[in-house]
Amino acid sequence: MFPIGINSYLNGGVVIGVAVSFVYILTGTHATQSSIFTTTLSYFTKLPFFQRQVYLDSRVWRLYFASGVILGALVYTLTISPDGFWVTGLPLWKLGLGGFLVGFGTRLSRGCTSGHGISGLASLSVTSLYAVITFIGMGIITVIVVRTAGL
Amino acid sequence: MNQKNVVLFIAGILFGFGLAFGGMSKPETVLSFLSLEDYGLLVLMFSATGVNFFAINVIPRFMEKPLLGGEWKPRERKFGKHTLIGSIIFGIGWGLSGQCPGSAISSIGIGNLPVLVGIAGMFAGAYVMGRWFS
């Protein structure tokens with residue numbers, strides 16, 4: 001069940017939990033991830049969907065947040081990481097096509113692993129519970145299909 | 001730089017560190033969970049959610065409002081067919097690529113530059129979704 005143990009998962013999860021709690025206790029804001037695609041696009045398109053006030057109000061802090069996420073992963077890599085820099089073995093078409101579906105799907109359902117997962121579940125949101133069960137279930141099914149098809 | 005941006009930047013550093021520490025920055029780790037070979041990602045999710053559960057449900061009993069102002073507001077979204085359809089599409093993309101938004105952004109920091117193709121895809125997907133609803 002846990003071929004590499006649970007310590008790295010547990011420690012990583014607690015650090016992530018501290019990060020989102022820190023933001024909530026200081027500002028009452030849920031530090032979630034997937035909205036950044038929509039809010040950043042608001043700089044480049046005048047389409048009314050992207051110009052909603054809620055997106056304009058959060059587009060700056062979301063960029064600070066994402067910059068921090070990149071920096072934090074870099075700090076880990078340069079300090080306690082056993083691997084150092086690392087590159088995936090997945091083909092680019094899977095990353096690109098999968099990314100497109102992730103971008104479309106998370107915005108349509110208004111949440112991702114962090115929004116519906118960490119923040120939604122901690123808020124005892126039933127909507128988020130359904131969302132999490134659905135995307136984990138579909139993820140498992142997709143992996144089975146991809147492996148069966150030999151892709 | 002206002003206070004809120006500083007708070008989010010610091011939290012981002014922690015969040016990204018945690019994603020890399022927990023291995024989630026690697027799509028391969030996510031796929032090892034979705035193929036049910038390694039359930040560790042559930043440990044990561046429950047520990048992160050557990051800490052945040054405390055912040056959202058317990059702290060507000062002892063503090064009137066957030067330290068820098070604003071109000072306590074648990075995250076709630078109305079359930080609808082978009083929640084379901086969106087989560088199905090997200091799950092397919094997650095299972096195909098092992099990436100979700102936060103993990104992909106953090107993956108840049110571990111030097112996994114091919115993930116930029118995935119992030120470009122996420123922007124494209126978010127654009128098509130927004131255009132469709134404009």
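Chain identifiers are assigned alphabetically (A, B, ...) following the order of the sequence lines, protein sequences preceding nucleic acid strands; residue numbering begins at 1 within each chain.
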Partners meeting salt bridge (charged side-chain N to carboxylate O under 4.0 Å, His left out) with Arg52(A) (sequence neighbours left out): none
Among the listed options Leu151(A), Val87(A), Val18(A), the residue most often paired with chain B at heavy-atom distances under 4.5 Å: Val87(A)
query: Checking Asn5(B) side chain against Tyr64(A) main chain: does a donor-acceptor pair fall under 3.5 Å?
result: no
message: I'd like to check Pro101(B) versus Phe37(A) (side-chain heavy atoms, cut-off strictly below 4.5 Å). Are they in contact?
response: yes
query: So which part of Val30(B) gets closer than 4.5 Å to some heavy atom of chain A, the side chain, the backbone, both or neither?
result: neither
query: When heavy-atom pairs shorter than 4.5 Å are enumerated against chain A, which of Phe133(B), Phe53(B), Trp94(B), Phe123(B) gives the highest number?
result: Phe123(B)
message: Need one label for Ile144(A): side chain, backbone, both or neither, based on atoms under 4.5 Å from any heavy atom in chain B.
response: neither
- prompt: At what distance, to the nearest 0.5 angstrom, does CZ of Phe100(A) lie from CD1 of Ile92(B)?
  reply: 12.5 Å
- prompt: So which part of Gln99(B) gets closer than 4.5 Å to some heavy atom of chain A, the side chain, the backbone, both or neither?
  reply: both
message: Is any side-chain heavy atom of Tyr39(B) closer than 4.5 Å to one of Ile6(A)?
response: no
- prompt: Looking only at atom types and distance, does a side-chain atom of Arg110(A) sit under 3.5 Å from a main-chain N or O of Arg77(B), one as donor and one as acceptor?
  reply: no
- prompt: How about Tyr24(A) and Trp72(B): are their ring centres within less than 6.0 Å of each other?
  reply: yes
Side-chain polar contacts of residues 71-85 of chain A - donor-acceptor pairs under 3.5 angstrom, sequence neighbours left out - could you list them?
residue  : atom : partner  : partner atom : Å
Thr77(A) : OG1  : Ala73(A) : O            : 2.7
Thr79(A) : OG1  : Val75(A) : O            : 2.7
Thr79(A) : OG1  : Tyr76(A) : O            : 3.4
Ser81(A) : OG   : Asp83(A) : N            : 3.1
Ser81(A) : OG   : Gly84(A) : N            : 3.1
Asp83(A) : OD2  : Lys26(B) : NZ           : 2.5

Flag side-chain contact, heavy atom, 4.5 Å: Lys78(B) against Thr127(A): no
query: Contact part of Val146(A) toward chain B, heavy-atom cut-off under 4.5 Å: side chain, backbone, both or neither?
result: side chain
task: Check each atom of Ser128(A) against the heavy atoms of chain B and say whether the ones under 4.5 Å are side chain, backbone, both or neither.
output: side chain
query: What part of Ala124(B) gets closer than 4.5 Å to chain A, counting heavy atoms only: side chain, backbone, both or neither?
result: both
- prompt: Centres of the Phe9(B) and Phe65(A) rings: under 6.0 Å?
  reply: no
- prompt: Would a distance-only check, ignoring hydrogens and angles, find a side-chain to backbone donor-acceptor pair under 3.5 Å from Ser97(B) to Leu95(A)?
  reply: no
message: Within the 3.5 Å criterion, strictly below it, is a donor on Ser123(A) or Glu76(B) matched to an acceptor on the partner's side chain?
response: no
field: Contact origin within Phe46(B) toward chain A - heavy atom pairs under 4.5 Å
entry: neither
- prompt: Are the side chain of His30(A) and the backbone N or O of Arg75(B) linked by a donor-acceptor pair below 3.5 Å?
  reply: yes
query: Which answer fits Lys81(B), side chain, backbone, both or neither, if we ask what part of it has an atom under 4.5 Å from a heavy atom of chain A?
result: neither
message: Just verifying a value: how many Å separate Met24(B) CE and Tyr9(A) OH, rounded to the nearest 0.5 Å?
response: 10.0 Å
task: Could you check which of Leu26(A), Thr45(A), Ile140(A), Thr27(A) has the highest count of heavy-atom pairs closer than 4.5 Å to chain B?
output: Leu26(A)
Atom group of Asn52(B) that falls short of 4.5 Å from chain A, counting heavy atoms: both
field: Side chain to side chain, Phe135(A) and Cys100(B), heavy atoms closer than 4.5 Å
entry: no
task: Can you measure from CD1 (Ile4(A)) to OG (Ser32(B)) and round to the nearest 0.5 angstrom?
output: 7.0 Å
- line: Separation between CG (Leu108(A)) and CD1 (Ile85(B)), nearest 0.5 Å, reads 6.5 Å
message: Counting only heavy atoms from other residues, nucleotides and ligands, does the tally under 6.0 Å from CH2 of Trp93(A) exceed 12?
response: yes
query: If you count heavy-atom pairs under 4.5 Å with chain A, which of Leu36(B), Leu67(B), Ile110(B) comes out on top?
result: Ile110(B)
- line: Counting heavy-atom pairs under 4.5 angstrom with chain B, the leader among Thr38(A), Leu121(A), Asn11(A) is Asn11(A)
task: Give the intermediate values and the outcome of side-chain contact (heavy atoms from CB on, under 4.5 Å) for residues Phe50(A) and Tyr127(B).
output: CA-CA 9 Å; Phe50(A) 296 94; Tyr127(B) 179 75; 4.0 Å; yes
- prompt: Do the side chains of Leu44(B) and Leu10(A) get nearer than 4.5 Å, heavy atoms only?
  reply: no
- request: Identify which of Glu71(B), Glu37(B), Met45(B) forms the greatest number of heavy-atom pairs closer than 4.5 Å to chain A.
  value: Glu37(B)
task: Please state whether the side chain, the backbone, both or neither of Arg147(A) comes within less than 4.5 Å of a heavy atom of chain B.
output: side chain
task: Pick whichever of Val51(B), Val115(B), Asp38(B), Leu68(B) has the most heavy-atom pairs under 4.5 Å with chain A.
output: Asp38(B)
message: Is Leu41(B) in contact with chain A via its backbone, its side chain, both, or neither, using a 4.5 Å heavy-atom distance?
response: both
- prompt: Got a second to check how far Ser103(B)'s OG is from Gln33(A)'s CD, nearest 0.5 Å?
  reply: 9.0 Å
message: Run the side-chain contact (heavy atoms from CB on, under 4.5 Å) test on Ser109(A) and Phe90(B) for me, step by step, so that the C-alpha distance in whole Å, both residues' side-chain angles and the decisive distance to 0.1 Å come before the verdict.
response: CA-CA 9 Å; Ser109(A) 83; Phe90(B) 168 36; 5.6 Å; no
task: May I ask you to test the Val143(A)-Ser35(B) pair for a side-chain heavy-atom distance under 4.5 Å?
output: yes
- request: Among Ile16(A), Val15(A), Thr134(A), single out the residue with the greatest number of heavy-atom pairs under 4.5 Å to chain B.
  value: Ile16(A)
message: The test is side-chain contact (heavy atoms from CB on, under 4.5 Å); show your working for Phe33(B) and Ile136(A) and say whether it passes.
response: CA-CA 10 Å; Phe33(B) 164 61; Ile136(A) 291 181; 4.1 Å; yes
message: At a 4.5 Å cut-off on heavy atoms, which part of Val132(A) comes close to chain B: side chain, backbone, both, or neither?
response: side chain
task: Taking the side chain as every heavy atom from C-beta outward, state whether Leu96(B) and Leu97(A) have any pair of such atoms under 4.5 Å apart.
output: yes
From Ile108(B) atom CD1 to Ile70(A) atom CD1, the distance as rounded to the nearest 0.5 Å: 4.0 Å
Atom group of Ile59(B) that falls short of 4.5 Å from chain A, counting heavy atoms: side chain
- line: Scored by heavy-atom pairs under 4.5 Å with chain A, the best of Ile88(B), Leu34(B), Val7(B) is Leu34(B)
- prompt: So do the side chains of Val126(A) and Phe79(B) get within less than 4.5 Å of each other, counting heavy atoms only?
  reply: no
task: Could you check Phe49(A) against Met129(B) for side-chain contact (heavy atoms from CB on, under 4.5 Å), going step by step and ending with a plain yes or no?
output: CA-CA 9 Å; Phe49(A) 178 87; Met129(B) 184 268 159; 3.8 Å; yes
message: Shorter than 4.5 Å, heavy atoms on both sides: which option in Gly28(A), Gly5(A), Ser21(A) has the most such pairs with chain B?
response: Ser21(A)
message: Taking the basic N atoms (NZ, or NE/NH1/NH2) and the acidic carboxylate oxygens, is any pair closer than 4.0 Å for Glu28(B) and Lys94(A)?
response: no
